[in-house]
There are 2 protein chains.
Amino acid sequence: MALKPLGLGLASRRVLSDVVTDDLRDAIISHDLEPGRRIAEDELALQMGVSRGPIREALMRLDREGLVTIERHKGARVASWNDTDIQEIYSMRSALEVLAIEWACKNATTSDLKAMEEILNTYNKLSEKQRTPREVSRLDLEFHTALFAAAHHDRLFKTWEVLRSQIHAFLVYTWSQDGKINKVFLPQWGPDHKVFVEVIRNKQIEKAKETVLGHVERGLARVATHFIEEVKPKKKVAKR
Amino acid sequence: MALKPLGLGLASRRVLSDVVTDDLRDAIISHDLEPGRRIAEDELALQMGVSRGPIREALMRLDREGLVTIERHKGARVASWNDTDIQEIYSMRSALEVLAIEWACKNATTSDLKAMEEILNTYNKLSEKQRTPREVSRLDLEFHTALFAAAHHDRLFKTWEVLRSQIHAFLVYTWSQDGKINKVFLPQWGPDHKVFVEVIRNKQIEKAKETVLGHVERGLARVATHFIEEVKPKKKVAKR
DNA sequence: AAATTGTTGTTTGTAAACAACAATAGACCA
DNA sequence: TGGTCTATTGTTGTTTACAAACAACAATTT
C-alpha cells in the first residue's frame with residue numbers, strides 16, 4: 001500500500017476551483033489585477049496550469065461577490081468602482097450591521113464575545129510600524145465578520161461575505177493613499193470597536209444600533225471623501 | 001441569409017444554463033420537486049437532454065439563491081425549510097425593504113410608480129376565482145420587486161432577488177393551505193400596497209418606513225403561524 | 001461480536017475537443 | 001470616399017470522456 005502524505009491531508013480537501021477562486025480574489029484585492037482589466041478564461045487557465053472548468057467556476061463565484069463582471073459571450077473583467085458603488089455598499093452595510101448587532105445582542109455566546117475581543121487585542125499589540133493599510137483593513141473586516149458570526153443568522157452572514165469582499169477591494173486601496181487622514185481615524189479604531197463588545201454583552205439593543213450606525217457612517221465619510229477625489233471617472237459596474 | 005425567428009428572437013439569446021435554471025426554479029417553487037429531494041447531475045442532464053455543464057451551473061446558481069443545497073461529493077438537494085429559516089428570511093426582508101423604500105422615496109421616477117400601480121390594477125381586475133394562491137403570490141412578489149426596482153440600487157436589488165426566490169418557494173405552499181385565513185388577509189392586500197405608492201410619491205420617508213415594517217410583520221405573522229403548525233420537523237438547510 | 005479492511009457503486013471534479021457567438025478587419029461596390 | 005457585407009479571429013458555451021473522492025456494504029481478523 002502506498003504511504004499517505006502526512007500533514008497535507010487537510011489541504012487535499014480543497015478542490016482546484018477553491019484554490020483558483022482564492023488566488024484570484026487575492027490578486028484583485030491587492031490590485032495586482034487592476035480594475036477594468038480583461039480576464040480571458042483560456043489565458044488564465046494556461047497561466048495557472050489548470051483547465052478552463054475550475055477557472056469558469058471561480059469567475060462565476062467572483063461575479064457573485066461583485067469583484068468580477070461577466071457578460072455573455074464577452075467575458076470577464078475585474079470590477080471597477082465609482083462613487084455610486086460606494087453609496088450603495090455603505091447603505092447596504094448600515095442596514096445589515098444594524099440587523100446583525102440586533103441579533104448579536106440576542107444570540108451572542110461568551111465565545112463569540114471572546115473572539116471579538118481577541119481581534120481587538122491583536123490590533124492593540126501591533127506596533128506603529130505594523131499598522132499597514134493591508135493589516136488594518138484585514139483586522140477591521142475580521143472584527144466585523146466576527147460580529148456577523150455572533151448574530152447566528154446564516155443568510156445575513158452570507159450576504160455580509162459578499163459585501164465584505166467588495167469593501168476589502170477598495171479599502172486596502174484607500175488606506176494606502178490616506179497619509180494624514182490616517183492620523184485622525186486610526187486612533188479611533190480600538191475604542192470604537194470596544195464599545196461594540198460592551199453593548200452586545202449588556203444587550204443594550206437600542207444603544208447598539210446607534211453605535212453601529214455612527215461607526216459605519218464615519219467609515220463612509222472617510223472612504224467617500226477620499227474616493228471621490230481620487231478615482232472619480234471610473235466606469236459603472238455593468239450587470240447582466 | 002436565413003430568416004430570423006420572429007418573436008422568439010429574445011428567447012434565442014438565452015443560453016442553455018439559463019433555461020435549465022429557470023425550469024428547475026419553477027419546478028422547486030411549484031413543489032413538483034419536493035423539499036429534501038435528491039438531484040443528481042447525471043440524472044437531470046439525461047432527463048433534460050443536455051450535458052452536465054449547464055446543469056452544474058444551474059445548480060450552483062440555485063444553491064446561491066437558497067433553493068438548492070450542494071454538498072461536495074454528496075450531491076444537491078432541494079432545500080427544505082424550518083421556522084428558523086422563516087425568522088431569518090423575514091428579518092432580512094424587513095431590513096432590506098426599509099432600505100428600499102427609503103431609496104425609492106428619493107429615486108423613484110414616474111414610470112416606476114406607474115409600474116407599481118399597473119400591478120395593483122391587474123390584481124383588482126382579478127375575479128374571486130382567479131385569485132389562486134399561485135397568482136396572488138406571483139403578483140405580491142412582482143409588486144415588491146417593482147418597489148425594489150424603484151429604489152435604483154443595484155446591489156439591493158440583487159440581494160432581494162435571492163430572497164424573493166426563497167419567499168416564493170414557501171409562499172405558494174402556505175397560501176394553498178390557508179383556507180379561512182385567506183378571508184382575513186386577502187382583502188387587505190390591495191389597500192396595503194396602495195399606501196406604498198402614495199408615501200413614495202409624496203416622499204414621506206418616515207411614514208414609508210413604518211408602513212413597510214408593519215406590512216412585512218403582518219406577512220410574517222400569517223406565514224409563521226401557519227408554517228410552524230404544518231411543517232415543523234424539517235431539517236435545517238445545510239451550507240458548505 | 002466488534003472492529004478493521006477491502007471492494008464496489010455512485011457521484012462529483014477535471015480536462016480537452018468541438019460548436020456557437022461577437023467583434024473586427026478587409027474586400028467589394030456604389 | 002464611404003458604407004455595407006463577408007470572412008476571419010478570438011472568446012465563450014457545450015459536450016464528452018476520464019479521474020478522483022466518497023459512502024455503503026461485505027469479508028476478514030482479532
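Heavy atoms only: backbone and side chains are in, while hydrogens, waters and symmetry mates are out.
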Rounded distance (Å) that lies between atom [atom2] of [N] and atom [atom1] of [X]:
X     : N      : atom1 : atom2 : value
B/E57 : C/dG13 : CD    : C1'   : 16 Å
B/R52 : C/dT14 : CZ    : P     : 11 Å
A/L44 : C/dA15 : CG    : C1'   : 16 Å
B/E71 : D/dA23 : CD    : P     : 9 Å
A/L16 : D/dA20 : CG    : C1'   : 12 Å
A/D18 : C/dG13 : CG    : P     : 9 Å
B/M48 : D/dT15 : CE    : C1'   : 16 Å
B/L46 : D/dT14 : CG    : C1'   : 16 Å

Test of understanding: with side-chain hydrogen bond (donor to acceptor under 3.5 Å, both in side chains), list the residues that count as partners of [X], not counting sequence neighbours.
X      : value
B/T122 : none
B/Q47  : none
A/R38  : none
A/R93  : A/E97, A/H144

Open item on the list: Can you tell me which nucleotide in D/dT14, C/dA15, C/dT12 comes closest to the side chain of B/R56?
Closed with: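 Shortest atom-to-atom distance from the side chain points to C/dT12.
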
Task: Side-chain donor-acceptor contact under 3.5 Å, B/H168 with B/S137 - done: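 No, no side-chain donor-acceptor contact under 3.5 Å.
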
Task: Set of ring-ring contact (aromatic ring centres under 6.0 Å, His included) partners for A/Y123, sequence neighbours left out - done: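 A/Y123 satisfies ring-ring contact (aromatic ring centres under 6.0 Å, His included) with A/W189 once adjacent residues are dropped.
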
Task: Under the ring-ring contact (aromatic ring centres under 6.0 Å, His included) test, residues paired with A/Y90 that sit two or more places apart - done: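 For A/Y90, no residue satisfies ring-ring contact (aromatic ring centres under 6.0 Å, His included) once neighbours in sequence are set aside.
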
Write out a two-atom table: protein N or O, nucleotide N or O from nucleotides 7-11 of chain C, distance below 3.5 Å.
residue: C/dT11; atom: O3'; partner: B/R38; partner atom: NH2; Å: 3.4

Task: Closest heavy-atom pair and its distance - B/N107, B/D112 - done: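 Minimum heavy-atom separation between B/N107 and B/D112: O-OD2, 4.2 Å.
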
Task: Any A/S51 side-chain nitrogen or oxygen under 4.0 Å from OP1 or OP2 of C/dA15 - done: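 For C/dA15, OP1 or OP2 has a side-chain N or O of A/S51 closer than 4.0 Å.
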
TODO: Go through the structure and list residues passing side chain to side chain contact (heavy atoms under 4.5 Å, CB included) with A/S17, not counting sequence neighbours.
DONE: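 Testing A/S17 for side chain to side chain contact (heavy atoms under 4.5 Å, CB included), a comparison that skips the adjacent residues, returns A/V15, A/P54, A/E57, A/R61.
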
Open item on the list: How bent is the helix from C/dA1-D/dT30 to C/dA30-D/dT1, measuring the angle between the end axes built from five pairs each, rounded to 10°?
Closed with: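 Comparing the axis at each end, I get an angle of 10°.
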
